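This structure is a prediction, so every number in the text was calculated from the model and none was measured. In this chain, residues are counted from 1 in sequence order. The analysis underlying the following values was restricted to heavy atoms, covering all of them including side chains, and did not include hydrogens, waters or symmetry mates.
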Amino acid sequence: MKSIVLYYSRSGENYSGGKIIDLPTGNTAVAAKYIHDITGADLFEIKPVKPYPSDYEKCTDVAKDELHENARPDIKNMPGDLSKYDTIFIGGPIWWGTYPMPLFTVLEQIDWAGKTVMPFSTHEGSALGDVMRDMKRVCAGADVKPGLAIYGSDVASSKPDIEKWIKNNLK
């Protein structure tokens, strides 16, 4: 089984544990690296052409506008041919109830037939939000497994939970 982790993550000012903190590495990137460590999956970080503001409040305003506009921001780096992958882990923070719009820019370009999809999120209280509904819609033709929601403030200690989620869903 060949797998890849497609993820979007944001470092800098983030909401964590009830306050704004500066993260040198985004929470979703930490979780994606754990998945790589556990499974050997390839890693692919999705990067928008226009970066989000470093200021947390300004970033949330941009994210809300993109959601309301159903925007598909331009991406610097598309993942290319994914036909060799059986399992695709998809991860991102929960912004306004779902993944950031750059993830949808990429996900809507993929042929999902016969793929296994493993959604995961980092959040500070939104859990998976509407991600499962959105992934079942966007990833039509795939076997979308139960998702994993990780509190961003707990991501450093989440490797055992990630490992359990993978073992329970990829038998």
Side-chain angles (χ1 to χ4, degrees), residues 1-10 26-48 52 63-64 66-152 154-155 157-171:
M1 172 180 83
K2 185 100 171 119
S3 56
I4 188 170
V5 183
L6 301 179
Y7 71 98
Y8 170 78
S9 190
R10 183 176 169 280
N27 292 325
T28 305
V30 172
K33 176 77 167 73
Y34 288 160
I35 293 168
H36 164 76
D37 292 347
I38 293 163
T39 66
D42 292 339
L43 287 171
F44 187 87
E45 182 176 3
I46 295 164
K47 298 178 182 179
Y52 287 94
K64 183 168 35 172
E66 286 180 349
L67 178 65
H68 288 145
E69 295 166 7
N70 202 28
R72 296 298 181 263
D74 290 334
I75 301 301
K76 285 183 184 180
N77 57 337
M78 294 299 277
D81 180 16
L82 297 177
S83 62
K84 66 183 176 183
Y85 297 103
D86 303 305
T87 301
I88 301 178
F89 295 89
I90 302 170
I94 298 299
W95 288 0
W96 301 106
T98 193
Y99 285 143
M101 294 297 103
L103 265 171
F104 290 99
T105 301
V106 173
L107 299 179
E108 290 173 352
Q109 306 298 316
I110 296 171
D111 176 6
W112 293 103
K115 305 286 186 203
T116 297
V117 172
M118 297 279 291
F120 65 100
S121 73
T122 55
H123 68 96
E124 283 300 317
S126 303
L128 284 164
D130 293 328
V131 161
M132 295 309 296
R133 179 199 68 200
D134 294 342
M135 291 304 93
K136 287 175 182 169
R137 176 182 50 80
V138 172
C139 304
D143 178 11
V144 179
K145 299 292 188 181
L148 177 67
I150 305 161
Y151 272 96
D154 294 338
V155 75
S157 62
S158 68
K159 195 171 186 179
D161 294 329
I162 292 171
E163 192 163 18
K164 182 179 177 184
W165 168 69
I166 292 167
K167 284 183 181 178
N168 287 343
N169 289 289
L170 292 180
K171 297 176 183 178

Which is it for Lys84 and Ile4 under the side chain to side chain contact (heavy atoms under 4.5 Å, CB included) test, yes or no, and what are the steps along the way?
-> CA-CA 10 Å; Lys84 66 183 176 183; Ile4 188 170; over 6 Å; no

Atom of [X], atom of [Y] and distance for their closest heavy-atom approach:
{"X": "Met101", "Y": "Tyr52", "value": "N-OH, 4.5 Å"}
{"X": "Thr28", "Y": "Gly91", "value": "CG2-C, 3.6 Å"}
{"X": "Pro146", "Y": "Asn169", "value": "CD-OD1, 3.1 Å"}
{"X": "Trp165", "Y": "Gly147", "value": "NE1-C, 3.6 Å"}
{"X": "Ala29", "Y": "Ser9", "value": "N-OG, 2.9 Å"}
{"X": "Ala32", "Y": "Leu43", "value": "O-CD2, 3.4 Å"}

Out of curiosity, [X] [atom1] to [Y] [atom2], how far, rounded to the nearest 0.5 Å?
{"X": "Asp161", "Y": "Tyr151", "atom1": "CG", "atom2": "OH", "result": "13.0 Å"}
{"X": "Leu103", "Y": "Ile46", "atom1": "CG", "atom2": "CD1", "result": "4.5 Å"}
{"X": "Met135", "Y": "Leu107", "atom1": "CE", "atom2": "CG", "result": "5.0 Å"}
{"X": "Ile166", "Y": "Phe120", "atom1": "CD1", "atom2": "CZ", "result": "9.0 Å"}
{"X": "Trp96", "Y": "Ser126", "atom1": "CH2", "atom2": "OG", "result": "9.5 Å"}
{"X": "Glu124", "Y": "Ile150", "atom1": "CD", "atom2": "CD1", "result": "11.5 Å"}

Output, in order, the C-alpha distance, side-chain angles, deciding distance and verdict of side chain to side chain contact (heavy atoms under 4.5 Å, CB included) for Leu170 and Thr39.
-> CA-CA 11 Å; Leu170 292 180; Thr39 66; 5.6 Å; no

Side chain of [X], backbone of [Y]: donor and acceptor closer than 3.5 Å?
{"X": "Lys115", "Y": "Ile110", "value": "no"}
{"X": "Asn27", "Y": "Pro93", "value": "no"}
{"X": "Ser121", "Y": "His123", "value": "no"}
{"X": "Thr105", "Y": "Pro73", "value": "yes"}
{"X": "Asp143", "Y": "Thr116", "value": "no"}

Does Ile35 reach the side chain of Tyr7, with side-chain heavy atoms less than 4.5 Å apart?
->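 Heavy-atom side-chain distance check fails, nothing below 4.5 Å.
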
With a 4.5 Å heavy-atom cut-off, do Tyr85 and Asp42 have their side chains touching?
->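 Contact flag for Tyr85/Asp42 side chains = yes.
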
So does Asp134 pair up with Arg137, basic N to acidic O under 4.0 Å?
->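 The answer is yes: the pair qualifies as a salt bridge.
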
Check step by step if side chain to side chain contact (heavy atoms under 4.5 Å, CB included) holds for Ile88 and Trp112.
-> CA-CA 9 Å; Ile88 301 178; Trp112 293 103; 3.6 Å; yes

What about Trp95 and Tyr8, are their ring centers closer than 6.0 Å?
->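 Yes, they do, as the ring centres are separated by less than 6.0 Å.
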
Step by step, would you call Leu82 with Leu6 a side chain to side chain contact (heavy atoms under 4.5 Å, CB included)?
-> CA-CA 11 Å; Leu82 297 177; Leu6 301 179; 4.2 Å; yes

